[in-house]
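Data block below; observations after.
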Amino acid sequence: MSDFKFTRIFVAIANPWAGITNAIRRASALAHKTGASIELFHAIPSIVSAGMAHADAEHFTRMEAQESRRRLERTANRLRREEIIVNTYVQTGYPIHEAILRQVRLTKAELVVIEARKHNVFARLLLTQTDFELIRGCPVPLLIVKGRAAWRSPRILAALDPFHSNDKSSALDAEIVDAACAMADVVRGSVHAVHVYRRLDLSLLGVPIGPVLTDSIAAQEKAYKTAVHRRFVEAVSSYEIAKGKTHLVCGDPATEIPALARSMRAGLVVMGATSRSGLKRIFIGNTAEHVLDSLKCDVLVVRSPK
């Protein structure tokens, strides 16, 4: 289990002029319940040029930084009136995610909060490249705020994968459940667990499927489903999650996890990000990225243990 806690909550602000955003509302609600401080941070892209253009660019950047800091302080003062300790930071840097991650490490934050932004074309909340870079590189749990409504005893859905190839993957499930339970304790929510498994790939048999093989295939499918169910039950029982709050679904995780979250009206989905083949970077595959974009509720991403 991880030492998941709230002492410092870091909020990456994309637009200081926006005032109290949904991400700030979520962070302030958590701060009220835990006594955590809030770090408001905005990064301004560096402008690289030469000659007079360079001087003009530096002047523009300084002016923008001063105005951004003033705007953040205005937002911070509103939170301070609610007796929340708030610090503000404005820095230049490129790429933006690296500036954010540097400040996260400097402040020793235990939770990072960002807000998904609405895409005008598709009219839904989408994650940007900066968001995905933060998912890959954030050293602490990352809360992606998509919803506006306050959490009131929310259902928290932990997306697990009990079919592990190594101990590190197994530890990630423990981290996911730990984070879900810690959040549930704070917001008086309930924890549910889900595993979405894919159908048995009959094409792997390597032979045409005819009437003679029908009974054999049916037996294999039944054995496969039984094995999946047994493994899932064993996994969730070790986390002491009530039987009525476990969900085993067959299908594509990219569609089934968002569908389940919608049907149960989950307020938060907790997912894991894991490293691949010894790489230092955190890997987010196409399926996970599709799940993250498709979910309408908030998402908490937990990285794999070192």
Side-chain angles (χ1 to χ4, degrees), residues 124 135 144 146 154-177 179-181 184 189-274 276 283-302 304:
R124 65 189 179 101
I135 292 169
I144 304 169
K146 290 191 169 189
R155 297 181 180 91
I156 299 174
L157 183 62
L160 307 180
D161 181 8
F163 292 84
H164 309 293
S165 59
N166 55 63
D167 291 338
K168 182 176 289 188
S169 296
S170 179
L172 177 57
D173 271 2
E175 293 286 323
I176 292 171
V177 174
C181 291
S190 58
V191 177
H192 293 240
V194 61
H195 172 60
V196 179
Y197 68 98
R198 297 184 183 276
R199 298 183 184 279
L200 182 64
D201 190 351
L202 300 179
S203 65
L204 296 178
L205 295 176
V207 294
I209 300 175
V212 176
L213 295 177
T214 300
D215 292 342
S216 175
I217 291 172
Q220 290 183 55
E221 288 182 329
K222 182 177 180 180
Y224 172 67
K225 291 180 180 179
T226 300
V228 170
H229 181 267
R230 182 186 303 113
R231 188 70 171 269
F232 181 63
V233 170
E234 290 174 354
V236 295
S237 63
S238 65
Y239 301 126
E240 298 183 355
I241 297 176
K243 184 177 180 181
K245 296 178 181 177
T246 60
H247 312 269
L248 182 60
V249 183
C250 180
D252 182 359
T255 56
E256 296 299 338
I257 292 177
L260 176 61
R262 287 193 299 272
S263 66
M264 63 182 286
R265 297 182 180 179
L268 177 68
V269 171
V270 186
M271 299 179 61
T274 184
R276 294 284 194 239
F283 176 82
I284 297 292
N286 290 334
T287 296
E289 291 190 1
H290 186 76
V291 171
L292 287 165
D293 261 343
S294 299
L295 286 166
K296 296 182 181 297
C297 63
D298 294 354
V299 185
L300 182 66
V301 180
V302 181
S304 60

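Given the structure is predicted, the values throughout are model-derived calculations rather than measurements.
For the side chain to side chain contact (heavy atoms under 4.5 Å, CB included) test, residues two or more places apart in sequence or in another chain that qualify with A180 are I156, A158, V191, V270. Every residue two or more places apart in sequence or in another chain that forms a side chain to side chain donor-acceptor pair (under 3.5 Å) with H192 is listed here: H247. With sequence neighbours left out, E234 forms a side chain to side chain contact (heavy atoms under 4.5 Å, CB included) with R230, R231.
Between R199 and C250, some side-chain heavy-atom pair lies under the 4.5 Å cut-off. Contact annotation: the side chain of P154 never approaches that of R265 to less than 4.5 Å [non-hydrogen atoms, C-beta and beyond]. Proximity of V291 to V269: side-chain heavy atoms (C-beta onward) are nowhere separated by under 4.5 Å. V249 is not listed as a side-chain neighbour of H195, based on a closest heavy-atom distance of 4.5 Å or more.
Note that the CD1 atom of I257 and the CG atom of L157 stand 7.5 Å from one another [nearest 0.5 Å]. Between atom CZ of residue R262 and atom CG of residue L295 there is a gap of 8.5 Å, rounded to the nearest 0.5 Å. Put simply, SG on C297 and CE on M264 are 9.0 Å apart, with the number rounded to the nearest 0.5 Å.
Nearest approach of P162 to D173, heavy atoms of both residues: N-OD2, 3.7 Å. Nearest heavy atom pair, residue Y224 against residue R198, reads OH-O, 2.6 Å. Minimum interatomic distance between F232 and V194 (heavy atoms only, all atoms of both residues): CE1-C, 4.2 Å. Residues L300 and A179 come closest through the heavy atom pair CD2-CB, 4.0 Å.
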Subject >> side chain to side chain contact (heavy atoms under 4.5 Å, CB included) assessment of I144 paired with I135 >> reply: CA-CA 9 Å; I144 304 169; I135 292 169; 3.8 Å; yes
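Without hydrogens or angle criteria, K146 side chain to L292 main chain gives a donor-acceptor distance under 3.5 Å.
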